[in-house]
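Take a look at the structure below.
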Amino acid sequence: MQWESVIGLEIHTQLATRSKIFSGASTVYGAEANTQACVVDLGMPGTLPVLNTEAVRMAVKFGLAIGAHIAPRSIFARKNYFYPDLPKGYQISQMELPIVGKGQIDIELDGEQTKTIGITRAHLEEDAGKSLHEDFHGMSGIDLNRAGTPLLEIVSEPDMRSATEAVAYMRKIHSLVQYLEICDGNMQEGSFRCDANVSIRRKGQKKLGTRAELKNINSFRFVERAINYEIERQIDILEGGGKVIQETRLYDSDNNTTRAMRSKEEANDYRYFPDPDLLPVDLEEAYIDQIKQTLPELPNEKKKRFISDFGLSAYDASTLTSSKPMADYYEAVVKASGNEAKLSANWVIGELSGALNKANLNIKDTSVNEKMLGGMIKRIADNTISGKIAKQVFEAMWNNEGEADAIIESKGLKQVTDSGAIEKIIDDIIAANPTQLEQYRTGKDKLFSFFVGQTMKQTQGKANPKQVNDILKKKLNP
Amino acid sequence: MHNKTIAELSTGLKDKQFSSEELTRHFLDRVKRLDHKLNCFITLTEDVALEQAKRSDKILQNGDAHPLTGIPVAQKDIFCTKNIKTSCGSKMLDNFYSPYDATVIEKMSDAGAVLLGKTNMDEFAMGSSNETSFYGPVKNPWDLHTVPGGSSGGSAAAVAARIAPAATGTDTGGSIRQPAALCGVTGLKPTYGRVSRYGMIAFASSLDQAGPLTQSAEDAAIILSAMAGFDTRDSTSTDIAVPDYTSTLANNISGLKIGIPKEYFSNALESGVQSAVQDALKEYEKLGAKLIDIELPNSGLSVPTYYVVAPAECSSNLSRFDGVRYGYRCDNPANLEDLYKRSRGEGFGQEVKRRIMIGTYALSAGYYDAYYLKAQRLRRLISNDFSAAFKKVDVIMGPTTPTTAFKIGEKTNDPITMYLSDVYTIAVNLAGLPGISIPAGFSDNKPVGLQLIGNYFEEAKILNAAHQYQLVTNWHRQIPDAFS
């Protein structure tokens, strides 16, 4: 049986406002429990919410970036349910009239291929607090620091057909909200997390299957694993003659499984109704236009520009624009290198990204800044060092040994470009290896690299590789 | 001193006839001597009152006093008062000491008012007789066997008995005007948005509005001038300048067009109330006003509409009382669900639970359109009736309540009959208009209230009309014998 999976994501993005969405309390992460919860966040009797207009501005920014309709009037509604970390007994959210309507975004698959994913809506709401079940013997602790933190919930259409596509979409949104500077993107701190709706159907079937909702997944890896596990689970059920039931499931990353939280029958009736404490949010066109003016260059535009201005491949351009810090870093390197765009791309994508990954560091935390890397690339371009030697220089810079020029000088890594000197070394090598010379000349072409190797060894890698090649070709094939 | 209005007491303070401390001690003493008959106060804030009185005396000495400086005022126990018990008439909040002051409390304190104490009320302001209070019923000073009305019954009775010179209340469906009528005092509900709701424990957010209960319209004008105003902490408060409501009280009302809605004079109206109201309207004619018959065709829908909207909002507003962070928590909860069920089951009284259940039902999936949305549509029709009427008239007048004060216990087992005692006041809340009830005589020795309804933000107009009536009548000067 051929199955097709259908996936939609609800991404919860914490907006990077300084204060909460309905109170003046700080949103800074990591403070001592309950020190950043004011009387409004605590749901004290008589307190009232007042909308933080910065959250509205950020939501509009997002809407414009995905080409969505911005609602001239949106309404806050109360979602009623009881939970200890929900102080008012309801969450202020948006139901019928969300601030951001239908939009879309292109995701990249295998570099060149793209797919358009529809975004149904995005709405503003407040985050809940946290329940802490450890450290309190037989009881639970409640930390309300997070209560009232602004969230933009971005709801996609069920347009994704695999876990890979879902992750690509999530990464794209993750990158976009950081480009827009509306979310810090910190997934470990929960600033960016998602729920995944997963169902399967027979290939060719139009009707959607019954879905399960996987709750609160906060890493790309877990999203992929959770969805794949869920797809397998549902296939097993259907192929075993069973029925998938609509329910909310929790991903358990320790065991790589999902387990049921509650079924539709047990689901809350949230009794949504317009919040009488808040006025409708009315946005004038001029306000929306003014935000449009402040939009930064978006990933897709940047990618196009990188391709046309820098002559990069679509793949390289995609990789470099996948995050704004990376794109900014790259552009600064190009500038510092004297417009060595392609070489800069290779180094940023290759050596630098590799080193960052290995050290588990963010590009913002690199010890090799844009000027240093650009300066080194300049020396490759002007033949002061070879690409191979550059790796040594890079490593030295990474270990805080200084800038490229100083390292080249102190370590004597300058490339040998004196043809006479190289010729002399090659003559000696040919003379010392008559057997290999004989074999090469009788057709064993591979031995060419043996002679290159020997030459580089003699020069400690400093001989200009192109010159070495040219001279060797001449000498070995008289 | 106790039979003087705020305006008169203020003059006495400024003329050094007595100090605020003397005045405050006088009223503290009256509360201690007389309140056991009435049960008006949940908390008497003696220490705070004396401290504020002394502060006021200094300000009075310096000569830059507000008309409220040094005047003891009782606050309904629905307003959060910092470090002072704020019970909202409920067992749920019997142990609640607010960490902050309501805007109304702040503004009254800034104007120099002295906090005398916190008054009794129907639990969470849900009731029309003050019988739903966890602290027991308040008695009507005119007849101790009858109710004072509600929910601001403690405030109304305290002013009627002159154990407080003035008080505040809140009005969601008539909770200021109905007890004012039943106790023979003046009670004003301002336009929705005129007074900040911040720190006022919410019953039905789209209807709740705070206002004064006083001996006279002039006193109501003094207090409203201090209470009202835009508040950045309340998104539904309106940013319109607050006039000095006392400055227009003396305006001549000759030519004032008074609308008389025929729907307010139906069979439900007690004959004694009807004749007192008719007499009051004749007084207005003598003052040069013109009576014009009007129609409010959708008035009959007010009570059912209200009893969907208000419970719906209250069911959500009262969700925060869950036993988790403050307020009543049941003993030894077995688990989370048990904590919720028993804390709320034991902490709330019958009427509150009834309304939470009605409201929860009205908002439930499958019923929302039929109840909540429909009620919102009817609410617009009711508002439209008033808008049409105010194209023809300046103010609307009629009875505040269909009957005078009823016996304690008479309606407690019949919620519908109880709800109908607010039949004339509820529409004003649904429309968000200002309304005032003023004493307009007696029926069977029990006070009758005349209701004046104004257009949006025209509190000055109804206060002016009320004051002009009080200049030519002395119903508002009557004090029950036992308390004179």
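Quick note on labels: first sequence line is chain A, next is B, and so on, each numbered from 1.
- Taking all atoms of both residues into account, the shortest heavy-atom contact from A:Arg78 to B:Glu313 is NH1-O, 4.2 Å.
- A donor-acceptor pair under 3.5 Å links the side-chain atoms of B:Tyr100 to the main chain of A:Thr47, judged by distance alone.
- Using modelled atom types, no side-chain atom of A:Asn80 and backbone atom of B:Ser316 make a donor-acceptor pair closer than 3.5 Å.
- Residue B:Ser98: no heavy atom, backbone or side chain, is found under 4.5 Å from chain A.
- Only the side chain of A:Val39 comes within contact range of chain B, judged by heavy atoms closer than 4.5 Å.
- For chain A, the option among B:Thr86, B:Val324, B:Asn317, B:Thr232 with the highest count of heavy-atom pairs below 4.5 Å is B:Asn317.
- When heavy atoms are compared at a cutoff of 4.5 Å, B:Ala204 does not approach chain A at all.
- In this structure, no portion of B:Tyr367 lies under 4.5 Å from any heavy atom of chain A.
- Contacts between A:Leu144 and chain B at a heavy-atom distance below 4.5 Å involve the side chain alone, from C-beta outward.
- A:Tyr272 places no side-chain N or O within donor-acceptor distance of the main-chain N or O of B:Leu363, the cut-off being under 3.5 Å.
- Neither the backbone nor the side chain of B:Asp208 comes within contact range of chain A; no heavy atoms are under 4.5 Å apart.
- Side-chain N/O atoms of A:Asn34 and B:Arg325 include no donor and acceptor closer than 3.5 Å.
- By the 6.0 Å contact criterion, CZ on B:Phe457 is enclosed, its count of non-hydrogen atoms from other residues, nucleotides or ligands being greater than 12.
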Pair A:Leu48-B:Arg233, side chain to side chain contact (heavy atoms under 4.5 Å, CB included): steps then yes or no: CA-CA 7 Å; A:Leu48 296 169; B:Arg233 292 172 295 187; over 6 Å; no
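- A:Pro276 approaches B:Arg197 most closely through the heavy-atom pair O-NH2, 4.1 Å.
- With a 4.5 Å cut-off on non-hydrogen atoms, B:Ile78 does not touch chain A at all.
- Residues B:Ser319 and A:Lys88 come closest through the heavy atom pair CB-O, 3.5 Å.
- There is no contact between A:Tyr81 and chain B, counting heavy-atom distances below 4.5 Å.
- Looking at A:Asp277, both its backbone and its side chain come within 4.5 Å of chain B, counting heavy atoms on both sides.
- Only the side chain of B:Phe96 comes within contact range of chain A, with heavy atoms under 4.5 Å apart.
- Heavy atoms of B:Tyr198 lying under 4.5 Å from chain A belong to its backbone as well as its side chain.
- Summarising the geometry of A:Gly43 relative to B:Tyr326, their closest heavy-atom pair is O-OH, 2.5 Å, with the distance given to 0.1 Å.
- Ring-centre distance between A:Phe273 and B:Tyr368: not below the 6.0 Å cut-off.
- Listed here is the closest heavy atom pair of B:Ala365 and A:Asp269: N-OD2, 2.8 Å.
- What you find for A:Leu279 and B:Ser235 is that their closest heavy atoms are CD1-O, 3.2 Å.
- Only the side chain of B:Tyr192 comes within less than 4.5 Å of a heavy atom in chain A; its backbone stays farther off.
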